[in-house]
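Report on the following structure.
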Amino acid sequence: MQKITAASNALIICLGLAACQPEAGNAQAQQRNFVCKALIEGFLSAQQLNRYELHQIQPAQQGAELYIYKARPEHSVNVMPQQRKLHFACRQASARKFQIQLSGPQQQNAQALLSVELPEPAQLKALTAFSLNPQ
């Protein structure tokens, strides 16, 4: 009986520790999500479309993810017509290259908005303006 209890306790501890370990795929997904959101929100800001906020992220076809931004309701009267939702497809073409496309929910032909290739990690470190000195 004690062997079974010890084995089950060891199994529970191993499962708990395994659940706490970040997976490499999860870290890559977080990085891709961070870059995609930054590019989309930078585009929205440059176009002065600050009323939109992230509503939902959905997996899309061909390795892309669909970012749906929804307009925040305003109480003032709008002169210009505006879409309630904007759909952006974010595709990671390589480890450093990302592409953002604007698409509609039923639209097959997405319009490319932005394509960016991030610098190599060594170049990025050299380009960093500030660094924290470890104490």
Side-chain angles (χ1 to χ4, degrees):
M1 187 72 170
Q2 288 179 337
K3 289 182 182 181
I4 294 173
T5 305
S8 64
N9 287 341
L11 179 63
I12 291 171
I13 290 171
C14 288
L15 289 174
L17 290 175
C20 294
Q21 297 296 321
E23 297 178 20
N26 191 22
Q28 289 175 343
Q30 287 178 347
Q31 180 182 13
R32 181 178 58 245
N33 185 38
F34 175 79
V35 171
C36 289
K37 281 178 48 179
L39 292 173
I40 293 168
E41 290 172 7
F43 171 79
L44 290 172
S45 178
Q47 298 298 317
Q48 298 179 349
L49 297 171
N50 299 326
R51 288 187 48 216
Y52 289 93
E53 58 188 14
L54 182 61
H55 175 66
Q56 189 176 16
I57 301 173
Q58 297 176 346
Q61 58 191 2
Q62 301 170 353
E65 288 184 330
L66 189 64
Y67 289 75
I68 301 171
Y69 280 74
K70 191 174 180 181
R72 286 187 302 252
E74 268 190 19
H75 299 292
S76 63
V77 178
N78 289 336
V79 177
M80 301 284 292
Q82 193 168 1
Q83 296 179 7
R84 294 203 187 281
K85 291 183 182 178
L86 295 176
H87 297 80
F88 296 94
C90 182
R91 180 170 285 107
Q92 186 174 5
S94 68
R96 297 180 8 236
K97 189 171 184 177
F98 291 84
Q99 184 179 41
I100 303 295
Q101 298 175 327
L102 180 64
S103 64
Q106 283 21 359
Q107 188 178 1
Q108 296 298 329
N109 297 333
Q111 180 181 358
L113 295 176
L114 182 63
S115 181
V116 66
E117 187 167 350
L118 301 175
E120 294 283 343
Q123 287 177 317
L124 193 59
K125 189 174 182 178
L127 294 173
T128 302
F130 301 100
S131 65
L132 296 175
N133 293 327
Q135 302 269 339

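Basis for what follows: all heavy atoms, side chains included, without hydrogens, waters or symmetry-related copies. Just so it is clear, the structure is predicted and the values come from calculations on it, not from any experiment.
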Passing candidate, side chain to side chain contact (heavy atoms under 4.5 Å, CB included) with Tyr67, options Leu39, Asn33, Leu86: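 When side chain to side chain contact (heavy atoms under 4.5 Å, CB included) is applied between Tyr67 and each of Leu39, Asn33, Leu86, only Asn33 qualifies.
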Listed once per pair and sorted, the salt bridge (charged side-chain N to carboxylate O under 4.0 Å, His left out) pairs that draw on residues 52-66, sequence neighbours left out: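 Residue pairs passing salt bridge (charged side-chain N to carboxylate O under 4.0 Å, His left out), neighbours aside: Arg32-Glu65, Glu53-Arg72.
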Pair listing, salt bridge (charged side-chain N to carboxylate O under 4.0 Å, His left out) test, anchored in residues 39-48, at least two apart: none
Ala71: side-chain contact (heavy atoms from CB on, under 4.5 Å) partners, not counting sequence neighbours: Arg51, Tyr52
Set of side-chain contact (heavy atoms from CB on, under 4.5 Å) partners for Gln47, sequence neighbours left out: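 So Gln47 forms a side-chain contact (heavy atoms from CB on, under 4.5 Å) with Phe43, Leu49.
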Test ring-ring contact (aromatic ring centres under 6.0 Å, His included) applied to Phe88 - qualifying residues, sequence neighbours left out: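 Expected list: Tyr69.
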Exceeds 12 heavy-atom contacts within 6.0 angstrom, atom CD of Gln31: no
Pairwise distance [atom1]([X]) to [atom2]([Y]) - rounded to 0.5 angstrom:
X: Leu54; Y: Ile40; atom1: CG; atom2: CD1; answer: 8.0 Å
X: Gln28; Y: Gln30; atom1: CD; atom2: CD; answer: 11.0 Å
X: Ile100; Y: Cys36; atom1: CD1; atom2: SG; answer: 5.0 Å

Listed partners of Gln101 passing side chain to side chain donor-acceptor pair (under 3.5 Å), at least two apart: Arg91
Hydrophobic cluster identity match, Ile57 and Leu114, side-chain contacts under 4.5 Å: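 Yes, Ile57 connects to Leu114 through the hydrophobic network.
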Validation row: Cys90, Val35 side chains within 4.5 angstrom (heavy atoms): no
Listing, residues 116-123 side-chain donor-acceptor contacts under 3.5 Å, not counting sequence neighbours, or none:
{"from": "Glu117", "atom 1": "OE2", "to": "Arg96", "atom 2": "NH2", "distance (Å)": "3.0"}
{"from": "Glu120", "atom 1": "OE2", "to": "Arg96", "atom 2": "NH1", "distance (Å)": "2.5"}
{"from": "Gln123", "atom 1": "OE1", "to": "Glu120", "atom 2": "N", "distance (Å)": "3.2"}

Partner set under salt bridge (Lys or Arg N to Asp or Glu O under 4.0 Å) for Arg84, not counting sequence neighbours: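 With neighbours one apart ignored, the set is empty.
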Distance-minimising heavy-atom pair for Ala89 and Leu66: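 Here Ala89 and Leu66 meet closest at N-CD1, 4.2 Å.
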